[in-house]
Every structure is written in structure tokens, then in C-alpha cells.
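Note that the numbering runs from 1 along the sequence shown for the chain.
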Amino acid sequence: MSGAVSPAAVQAPAGPPPQVVALQLMTGFWVTQAMNIVCRLGVPDALAAGPRTAEELAPQVHAHAASLYRIMRSLASVGVFTIDGQRRFGLTPVGETLRSDVPGSMRHFASFIGEPGHWQAWGSMLGAVQSGQDAFTVVHGQGFFQYAQAHPQFDKVFNAAMTSFSAMDGHAILASYDFSGVRTLVDVGGGQGLLLATLLQAHAHTQGILFDQPHVVEQAVPALDSRCQRVGGDFFQSVPAGGDVYILKTIIHDWPDEACVKILKNCAAALPAGGRVLVVDQVVPPDNSPSFARFLDLEMMVMTQGGRERTEAEFADLFAQSGLRLQRVIPTPGPHCILEAVRD
């Protein structure tokens, strides 16, 4: 029996080797581009009627069949598609979210992540870390929002991506905050208005004001044609009066502190007695627990001139500088929190 090893002494490995984990992490961008490509080609929409082979799909989505098979096979391995013994691909629940015609569709966001203007900025992240300047400006010679205004196609893809996020967030916000007593809700920086439309549809007595740059509010969703004003302007100058609640979803994280204070001061100035400001953003946890907010913070570092994700304490300080007081932080079923502030 000398040299024998009992079964009890043999331990199964706790997980993949560290090198494999590192490899999986560093090649995440392969999945990013694969998802971007199938969304741009319209593959998830083409699979809505049921499973099909790459050869059947290729003519419809204008792709090379063998190449399409390889990219779909890869995405099947990470849960985007199913694949059967006849090499027919179908949609998983994750793949369903990439269709253009489903509630909460993420197709446009996947397209934005792979948009060349966005992708190139991430490729220059090293310079941003070394210099402290955002990579987007270094690559494109102008800030993100200036670039978007000068490049209509990029702006269209970006606004559609933000609308897709609002489709995901709207019901999470409704489930987490009581809007029943709100008479007039002002959506500051509300984009194409999907969030506001979602909130108004749930509260028939509430009026709305959609406020954003003039060329953005012109693209507002048709659901806002009743019970809502569309107002174009600059939130660094002022915001529309007349609301009892002002909501800013994923606006504050785009800007450095001094710019945020300007926006919030303008909201505070417009507040009536008893009015509230709701900031909907991700909140960085104080500990090292897993949080998407930490990686979204890198997106802000790459793409914006001083934007970032913040902790609860940092939000409280912004509100205090703006004449507001953080009253409570409300988690939602989605990735964002609702930070409710009132005027001091």
C-alpha cells in the first residue's frame, strides 16, 4: 500500500487556474464586439420566429455564412444563443433582450458600445490614466457632447442607447418610488422622453415637462404627445419652472463637481415649497463588494470631461453645495438608486 493515495485525500480544484481567470477577464472585449456585430446585423430580430442555421440567416442579415456561424457559436457558449445538433441557433432569455421589438431592449446600447467613436476612445484609455484628461477628447479633439452634436449618426446611436437604458430603468423606478402625489414632473436632461412617458402612463393625473437640448427633445417618443410639454434649453443656465418634482436620471454622473452644482442649484431655484429633486444614478458602495458602478466609473473617465460615479457621501456633499439636503437613498431592482433631496 506504500505510495497509495486515498480518495479522501484528493481534492477537486476550487476553480480554474488564475491564468485562465485572467485570460477570461482580459478578453472580455471579444464578447463585446461579437454582441455589437450580431445586433448591427439584426440577427436577434431574425431569430424571433424560431431557430435557424447560419446558412439560413446569412442572406437575410447580409453576412458571410461561415463567419456568421463562428461568431454565433462563440456567443452561444456564453449564453446569448442556443445551438442544437443540427447547428440551428435560437435565442436565450439574454438573447431576447437584443431584439429591437421587446420591452427593455438592449440592442441599441450594444450598438453604442461598439460604435467606432466610442470604441476608439476606450482604445486610448492609457493616455487618460497617465494624463488625467478624458480619452475621448484626446482621440476626437473635442468633448463627448460637442462631438455628438457635430456627428448626427453618432448622436442618434447614443440617444437610442440612452432610451434603451430608460426602458430598463423606468419600471424599476416606478416600483421603488411613490409618484402618486406628483402634480408636475420635470425630467431634466430627459433625452427622448421614454422614462417620463413611462412615469406619466402609470399616473394619469400627473403632467410632465421634458427638458433637454432642443435637437434632442424634437426626437421625443410619441407617447409624450399628451400631458407633456417639450422644452429645449441648457440646464447650466436654468431649468423650467412649474414642477414639484425634478428628476435627473444618469445626468449628474456625466459632469465634474462644479458643473453638477450648477445644475442642482438651478433645480433648487425652481423648487416650490415641499418640492423634491430625484437624482437617479449608480452609487459606489463604501466597501469592496462587486458593483457595476465601479466599471461604469471607468466609462465616465474615458468618455467625459470630469464625469464619475460617486459614493453616497459624495452625493450628499454635492447636494449641500447646491442648497439641497439628501433626505434618503432608495435602491431599485435595477442598477441605479434614487437619491431624494429637498431644499434646505
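- For the pair Arg227 (side chain) and Gln207 (backbone), a donor-acceptor distance under 3.5 Å is absent.
- Between Met300 atom CE and Thr250 atom OG1 the span is 8.5 Å, to the nearest 0.5 Å.
- Phe145 has its ring centre less than 6.0 Å from the ring centre of Trp255.
- For Arg70, the CZ atom counts as loosely surrounded, since its 6.0 Å shell holds 12 or fewer non-hydrogen atoms of other residues, nucleotides or ligands.
- In this structure a side-chain-to-backbone donor-acceptor pair under 3.5 Å is present from Asn266 to Lys262.
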Salt bridge (charged side-chain N to carboxylate O under 4.0 Å, His left out) between Arg88 and Glu56, worked out: CA-CA 9 Å; Arg88 293 178 304 181; Glu56 293 168 335; over 6 Å; no
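- Scanning all heavy atoms of the two residues, the minimum distance from Leu318 to Cys260 falls at CD1-CB, 4.0 Å.
- Using a 30° and 60° split on the angle between ring planes, His151 and Tyr147 fall in the parallel class, below 30°.
- Both Ile37 and Leu47 are members of a single hydrophobic cluster when ILVMFWY side chains are connected at heavy-atom separations under 4.5 Å.
- The closest donor-acceptor contact from the side chain of Asp244 to the backbone of Val182 lies at 3.5 Å or more, if one exists at all.
- In this structure, Glu340 does not pair ionically with Arg325, as no charged nitrogen and carboxylate oxygen lie closer than 4.0 Å.
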Val80 vs Met72, side-chain contact (heavy atoms from CB on, under 4.5 Å): CA-CA, chis, key distance, verdict: CA-CA 8 Å; Val80 176; Met72 294 182 70; over 6 Å; no
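- Rounding to the nearest 0.5 Å places CZ of Arg73 at 14.0 Å from CZ of Phe81.
- A donor-acceptor pair is defined here as one N or O able to donate and one able to accept, closer than 3.5 Å; no such pair exists between the side chain of Asp187 and the backbone of Leu210.
- Other residues, nucleotides and ligands place more than 12 heavy atoms under 6.0 Å from the NE2 atom of His140.
- Distance alone, capped at 3.5 Å, is enough to place a donor-acceptor pair between the Thr82 side chain and the Gly90 backbone.
- Side-chain atoms of Thr92 come within 3.5 Å of backbone atoms of Gly79 as a donor-acceptor pair (strictly under, hydrogens ignored).
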Run Leu196 and Cys228 through side-chain contact (heavy atoms from CB on, under 4.5 Å) and show every step you take. CA-CA 9 Å; Leu196 184 56; Cys228 183; 3.6 Å; yes
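- Of the possible polar contacts, none joining the Ser322 side chain to the Leu324 backbone as a donor-acceptor pair under 3.5 Å is found.
- At a threshold of 4.5 Å between non-hydrogen side-chain atoms, the residues Asp234 and Gln213 do not count as touching.
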Begin from the C-alpha positions of Val277 and Leu271 and carry the test side-chain contact (heavy atoms from CB on, under 4.5 Å) through to its verdict. CA-CA 8 Å; Val277 173; Leu271 276 185; 3.8 Å; yes
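- Counting all heavy atoms, side chain and backbone alike, Phe211 lies closest to Ser238 at CZ-O, 3.4 Å.
- Looking only at atom types and distance, the side chain of His64 has a donor-acceptor partner in the side chain of Ser67 under 3.5 Å away.
- Between Val280 and Asp169, every side-chain heavy-atom pair lies at or beyond the 4.5 Å cut-off.
- Looking at every heavy atom in both residues, Cys337 comes nearest to Pro331 through SG-CA, 4.1 Å.
- Cluster membership check: Ile251 shares its hydrophobic cluster with Met303, using side-chain heavy-atom separations under 4.5 Å among Ile, Leu, Val, Met, Phe, Trp and Tyr.
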Could you go step by step and tell me if Leu195 and Ile173 meet the side-chain contact (heavy atoms from CB on, under 4.5 Å) rule? CA-CA 9 Å; Leu195 172 64; Ile173 293 168; 3.8 Å; yes
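- Distance CZ/Phe136 to OG1/Thr304: 11.0 Å, rounded to 0.5 Å.
- Closest of all the heavy-atom pairs between Ser176 and Pro333 is OG-CD, 3.2 Å.
- In this structure, a donor-acceptor pair under 3.5 Å is absent between the side chains of Gln282 and Arg310.
- Side-chain contact between Gln86 and Thr53 is absent, with no heavy atoms from C-beta onward closer than 4.5 Å.
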Please lay out, stage by stage, how Ser100 and Asp45 fare under the test side chain to side chain donor-acceptor pair (under 3.5 Å). CA-CA 7 Å; Ser100 61; Asp45 284 352; 2.6 Å; yes
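- Side chains of Asp281 and His336: no donor on one and acceptor on the other come within 3.5 Å.
- In this structure, the side chains of Leu326 and Glu312 come closer than 4.5 Å at one or more pairs of heavy atoms.
- A cation-pi arrangement is absent between Arg276 and Tyr246, since the terminal nitrogen or guanidinium carbon is not both under 6.0 Å from the aromatic centre and inside a 45° cone about the axis.
- A salt bridge does not link Arg230 to Glu218: none of the charged side-chain nitrogens sits closer than 4.0 Å to a carboxylate oxygen.
- With hydrogens and angles disregarded, no donor-acceptor distance shorter than 3.5 Å links the side chain of Ser105 to the backbone of Val102.
- Considering every non-hydrogen atom in both Asp155 and Ala148, the closest pair reads CB-O, 3.1 Å.
- Linking Ile, Leu, Val, Met, Phe, Trp and Tyr whenever their side-chain heavy atoms come within less than 4.5 Å puts Met35 and Val78 in one cluster.
- Using a 4.0 Å cut-off between charged side-chain N and carboxylate O, Asp297 and Arg308 make no salt bridge.
- Residues Thr198 and His171 meet the side-chain proximity criterion, which asks for heavy atoms closer than 4.5 Å.
- If you check the side chains of Thr137 and Gln305, you find a donor sitting under 3.5 Å from an acceptor.
- For the pair Tyr177 and Ile330, the minimum side-chain heavy-atom distance is below 4.5 Å.
- Atom-to-atom distance recorded for Leu278:CG and Leu185:CG is 7.5 Å, nearest 0.5 angstrom.
- The SG atom of Cys39 lies 6.5 Å from the CZ atom of Arg107; values are rounded to the nearest 0.5 Å.
- Put simply, CG on Leu91 and CG on Leu98 are 8.0 Å apart, with the number rounded to the nearest 0.5 Å.
- A donor-acceptor pair under 3.5 Å is absent between the side-chain atoms of Thr206 and the main chain of Leu200, judged by distance alone.
- Side-chain contact check for Phe315 versus Val329: every heavy-atom pair is 4.5 Å or farther apart.
- In this structure a side-chain-to-backbone donor-acceptor pair under 3.5 Å is present from Thr311 to Glu314.
- Put simply, Phe154 and Val216 are part of two different groups of oily side chains (I, L, V, M, F, W, Y) that touch within less than 4.5 Å, one to the next.
- The heavy-atom pair separating Thr332 from Ala172 by the smallest distance is CB-O, 3.8 Å.
- In terms of hydrophobic clustering, with Ile, Leu, Val, Met, Phe, Trp and Tyr side chains grouped at heavy-atom distances under 4.5 Å, Trp119 and Phe112 are assigned to different clusters.
- Glu258 places none of its side-chain heavy atoms less than 4.5 Å from the side chain of Gln321.
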After noting the C-alpha distance and the side-chain angles of Arg40 and Glu115, does the key distance pass the salt bridge (charged side-chain N to carboxylate O under 4.0 Å, His left out) rule? CA-CA 10 Å; Arg40 285 178 176 270; Glu115 180 73 15; 2.6 Å; yes
